[in-house]
Amino acid sequence: GNIMKFLSLLPIIALLFSCSSTIKDYKANSLVKIEVKRSNLNKWQVTYVLPEKVPGVYFHRQTNKFRKSEWIIVSHKDLAIDHYKENEILYSKSKRPFDRFTVEFAPYYKHTPKDYEFFQPYSDGDILFYTGHLYIHPLYNSYDDKVSPENLEYLKDKKWSQSVSLSPIGKGNVVIQGKVSSKKVNWIDPLGKGTYAYFGKIKPIETDSVIAVVDSRIPLWVKEATNEFLPKLFSFYTKKTGQKLTFKPVVYFNYKPTDMSGTSNSGGTLPGIVQLTIEGKEWKKKDQGNLEHIIWFLAHEAAHFWNGQMFDNIDDEAVWLHEGGADAFAYRSLYEFGIIDKKTLWKKYSNALNMCLMGLDHESLNSSGKRRRFKNYYDCGSTIMLMVESSLSLKNGDNDLFSFWKRLLEKSYENDKKYDRKDFHELLENNYKEAEISKLVSKLELDDQTSYGDFLKQLEKLTSLKLKYANDQA
C-alpha cells in the first residue's frame with residue numbers, strides 16, 4: 001500500500017515556569033557546536049560544545065523519546081538522560097554545570113512516528129542522517145541547593161542556535177544542503193529545523209534544477225524515471241505556478257530491497273530538500289501501475305517545494321491545503337505528461353472523493369488531526385481542489401487549478417509568502433466570485449454532517465461534475 005507520512009512539529013512542552021531572576025547575562029544567539037562522526041562500524045559519536053555552562057539541556061524534538069534507551073554518555077559519569085514532564089532531558093546529577101559532553105549510539109532505524117527518521121539506510125550501506133534529533137536548548141537550575149529534574153526550568157526566549165560538523169566515512173563524501181565534500185564540513189542551521197546529511201560514495205546527479213542522491217541499487221527503471229521526470233516536474237511547476245524556485249533542491253532517494261510484498265513509499269520535506277524511500281519487492285517490476293505510482297510520488301513531493309517550502313501554509317488545521325494541493329498537482333502532472341489518460345484521471349478523482357467521505361465518517365475535515373485520520377487531508381484536500389477547478393471551469397472556461405494556485409501564491413507575498421484557509425476562501429469569493437463553492441468547502445471543513453446526500457447534490461449543482469451516488473451516503 002501507499003504509506004504517507006504526516007510530519008508536524010509539536011510544541012515543546014514547558015518543564016517549569018518558575019522565577020528566572022537568578023539567570024543573568026545570556027546572549028540572544030548562542031551557538032551549540034555539534035560534531036558528528038562514526039566511531040566504528042556500529043557506533044556513532046556526537047560531541048557537544050555548549051556556549052555556556054548549564055546544569056542541563058532539553059532536546060528540541062520530543063515526539064519520539066528514544067535517547068534515554070539508545071544513547072550512552074561517554075564523557076561524564078554524573079550526567080544522565082531522563083524523562084520529565086513529557087520532555088527528554090540531559091542533566092547533571094551533581095551541582096556541577098557543564099559546557100561539553102559526548103554521547104555514543106548505534107544507528108537508529110526504528111520508525112519515528114510523526115517525525116523524521118533519524119537514520120535512513122541506503123541499500124549499499126550508505127547512510128542518511130537527520131540532524132534535528134541532536135538539537136538541544138538550555139535548562140537552568142531554579143534553586144541553588146539542589147539539582148534534580150524537578151528544579152530545572154527553561155526560558156521561553158532562550159534558545160540556542162545549532163552548528164553541525166560532519167566527518168565523512170572512509171573515502172566517502174558528506175552531502176549536506178547541496179554541498180558535496182570529501183572532508184569535514186560545517187553547517188549552521190539557519191532555521192533550527194534540521195536537515196538530512198548523506199554519508200557515502202554515491203556520486204550525486206546534478207542538473208540545472210536539482211541535485212539527487214539516488215540509491216545505487218534502486219531498480220534501474222525507477223532510476224531512469226527519476227532522472228527523466230524530476231527535471232520535467234520542476235520545469236512544469238515553475239511554468240504553471242509562475243514561480244521559479246529560489247534555491248536548487250536536493251533529493252535523497254533510498255531503496256529498501258526487503259522481502260515485503262507489494263510496494264510502499266514514504267517521504268518528507270525539509271527546507272531545500274526532499275527525502276524519498278521506496279520499499280517492497282514488487283518495485284523490481286516495471287508496469288503501468290508502478291510507473292504511475294512512482295511518478296505520482298515524485299510529483300507530490302516535488303510540489304511541496306512550492307506549496308509548503310517557498311510558500312508556506314501557516315494554518316495548522318487546514319493541512320488539506322498543502323497536502324491536498326500536492327496530491328492534485330501530482331494527478332494533473334500524470335495527465336499532462338501522458339502517463340494516464342482522462343478516464344484514469346477521473347477514476348483517481350472519484351476514488352479520492354469516496355475515500356474522503358469514508359474517512360471523514362460524518363465529522364469535519366479540520367478535526368481529522370485530532371482524530372488521527374491524517375489521510376483525510378490528502379483525499380479531501382484533493383477533492384476540494386477538484387471542486388474548485390470544476391466550478392471555475394464551468395463559469396470561466398479555461399481556468400484550471402494551476403491558475404487558481406498561481407493567484408494564491410501571488411497573494412501570499414502580502415504576508416511574507418505565507419497563506420492560510422482565509423486566503424483560500426477570500427480568493428474564491430472576491431477574485432473569482434465563487435461564494436457558493438467557498439461555503440460548500442467550508443461546510444466540509446468545519447461541520448459535522450449526518451448525511452452526504454445534500455452535499456453531493458450541491459456539489460453537482462455548482463460544478464461541471466456528474467456524480468453517481470445513493471440517496472444517503474451513509
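Values below: every heavy atom of this structure, side chains too, minus hydrogens, waters and symmetry copies.
The closest donor-acceptor contact from the side chain of His137 to the backbone of Tyr58 lies at 3.5 Å or more, if one exists at all.
When only modelled atom types and interatomic distance are considered, Tyr135 and Asp189 share a side-chain donor-acceptor pair under 3.5 Å. No hydrogens or angles considered: a donor-acceptor pair under 3.5 Å links the side chains of Tyr419 and Asn307. Side-chain contact annotation: Asp327 with His300, donor-acceptor N/O pair under 3.5 Å present.
When each of Tyr198, Tyr255, Tyr196 is checked for a ring-ring contact (aromatic ring centres under 6.0 Å, His included) with Tyr122, only Tyr198 meets the rule.
Taking the six-membered ring for Trp, Phe118 and Trp44 have ring centres at least 6.0 Å apart. Ring centroids of Phe236 and Phe402 are separated by less than 6.0 Å, placing the two rings close together. Centroid-to-centroid, the aromatic rings of Phe404 and Phe424 come within less than 6.0 Å.
Under a cutoff of 6.0 Å and an axis angle of 45°, Arg61 and Tyr116 do not form a cation-pi pair. Because its NZ or CZ atom is not both nearer than 6.0 Å to the ring centre of Tyr378 and within 45° of the ring axis, Lys375 does not count as a cation-pi partner of that residue.
For NZ of Lys43, the number of neighbouring non-hydrogen atoms (other residues, nucleotides, ligands) closer than 6.0 Å is greater than 12.
Below 30°, between 30° and 60°, or above 60°: for Trp306 and Tyr237 the angle between ring planes is above 60°, a perpendicular geometry.
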